[in-house]
Trainee: 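Sharing a structure with you now.
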Amino acid sequence: GRRAPPDGAVLVFLPGWDEISQLLRALDSPSFPKSRYLVLPLHSLVPPAEQRRVFVRPPPGVRKIVLATNIAETAITIDDVTAIINSGRLKEKSYDPYTSVGTLQASWISAASERQRRGGGGGPGGG
């Protein structure tokens with residue numbers, strides 16, 4: 001028989017909404033066992049009522065996977081997170097004083113930032 005997924009939620013850090021949407025589309029496949037996993041996006045583009053679903057524990061035998069950006073890292077705590085997957089990329093605001101334009105640029109996370117992130121994890125068990 002099939003083994004039930006381990007207990008606890010998985011928090012996946014992705015650079016932005018495009019990457020979250022792309023992964024959601026990839027997981028919307030007949031080969032992905034949707035009955036065993038609850039995949040939830042967490043982003044400002046998701047309606048607030050849907051965002052609140054990340055705080056609800058799934059039924060037994062179902063593992064919650066939360067797809068979020070690095071902004072969620074400091075803004076929220078999901079108490080049942082037991083594993084974190086980090087893409088190693090984030091989007092940071094930058095400003096070009098010559099053109100007076102602000103942009104969001106994808107960049108690699110620094111080693112110091114990654115060590116700090118590993119210490120958190122969002123849940124009571126740390127990261």
Trainee: Run the side-chain contact (heavy atoms from CB on, under 4.5 Å) test on F13 and I84 for me, step by step, so that the C-alpha distance in whole Å, both residues' side-chain angles and the decisive distance to 0.1 Å come before the verdict.
Mentor: CA-CA 8 Å; F13 285 119; I84 296 174; 3.8 Å; yes

Trainee: Take L38 and R53, measure what side-chain contact (heavy atoms from CB on, under 4.5 Å) needs, and give me the verdict at the end.
Mentor: CA-CA 10 Å; L38 175 63; R53 293 177 58 205; 3.6 Å; yes

Trainee: Hey, does K64 have a side-chain heavy atom less than 4.5 Å from the side chain of D80?
Mentor: yes

Trainee: Is S29 reaching over with its side chain to a backbone N or O of S31, donor-acceptor style, under 3.5 angstrom?
Mentor: yes

Trainee: For a side-chain contact (heavy atoms from CB on, under 4.5 Å) check, start with the C-alpha distance between V62 and R36, then their side-chain angles and the critical distance, and finish with the verdict.
Mentor: CA-CA 5 Å; V62 176; R36 295 172 48 207; 6.0 Å; no

Trainee: Are side-chain heavy atoms of L27 and K34 found at a separation under 4.5 Å?
Mentor: no

Trainee: Work out which heavy atom in Q51 is nearest to a heavy atom in H43; give both atom names and the distance.
Mentor: NE2-O, 3.0 Å

Trainee: Taking the side chain as every heavy atom from C-beta outward, state whether V81 and V10 have any pair of such atoms under 4.5 Å apart.
Mentor: no

Trainee: Side-chain contact test, heavy atoms from C-beta onward, threshold under 4.5 Å: evaluate it for W17 versus P41 and give yes or no.
Mentor: yes

Trainee: Would you sort out whether L24 and L67 count as a side-chain contact (heavy atoms from CB on, under 4.5 Å), showing the intermediate values?
Mentor: CA-CA 9 Å; L24 282 170; L67 309 178; 3.9 Å; yes

Trainee: Check whether any side-chain heavy atom of F55 sits under 4.5 Å from a side-chain heavy atom of I78, and report yes or no.
Mentor: yes

Trainee: So, do L42 and E50 sit near enough that their side-chain heavy atoms are less than 4.5 Å apart?
Mentor: no

Trainee: Has R63 got a side-chain atom pairing as donor or acceptor with G8's backbone, closer than 3.5 angstrom?
Mentor: yes

Trainee: Can you confirm whether L11 sits close enough to I85 that some side-chain heavy atom of one is under 4.5 Å from a side-chain heavy atom of the other?
Mentor: no

Trainee: What is the minimum heavy-atom distance between P15 and T69, and which atoms define it?
Mentor: O-CG2, 4.0 Å

Trainee: Who pairs with R52 by salt bridge (charged side-chain N to carboxylate O under 4.0 Å, His left out), at least two apart in sequence or on another chain?
Mentor: none

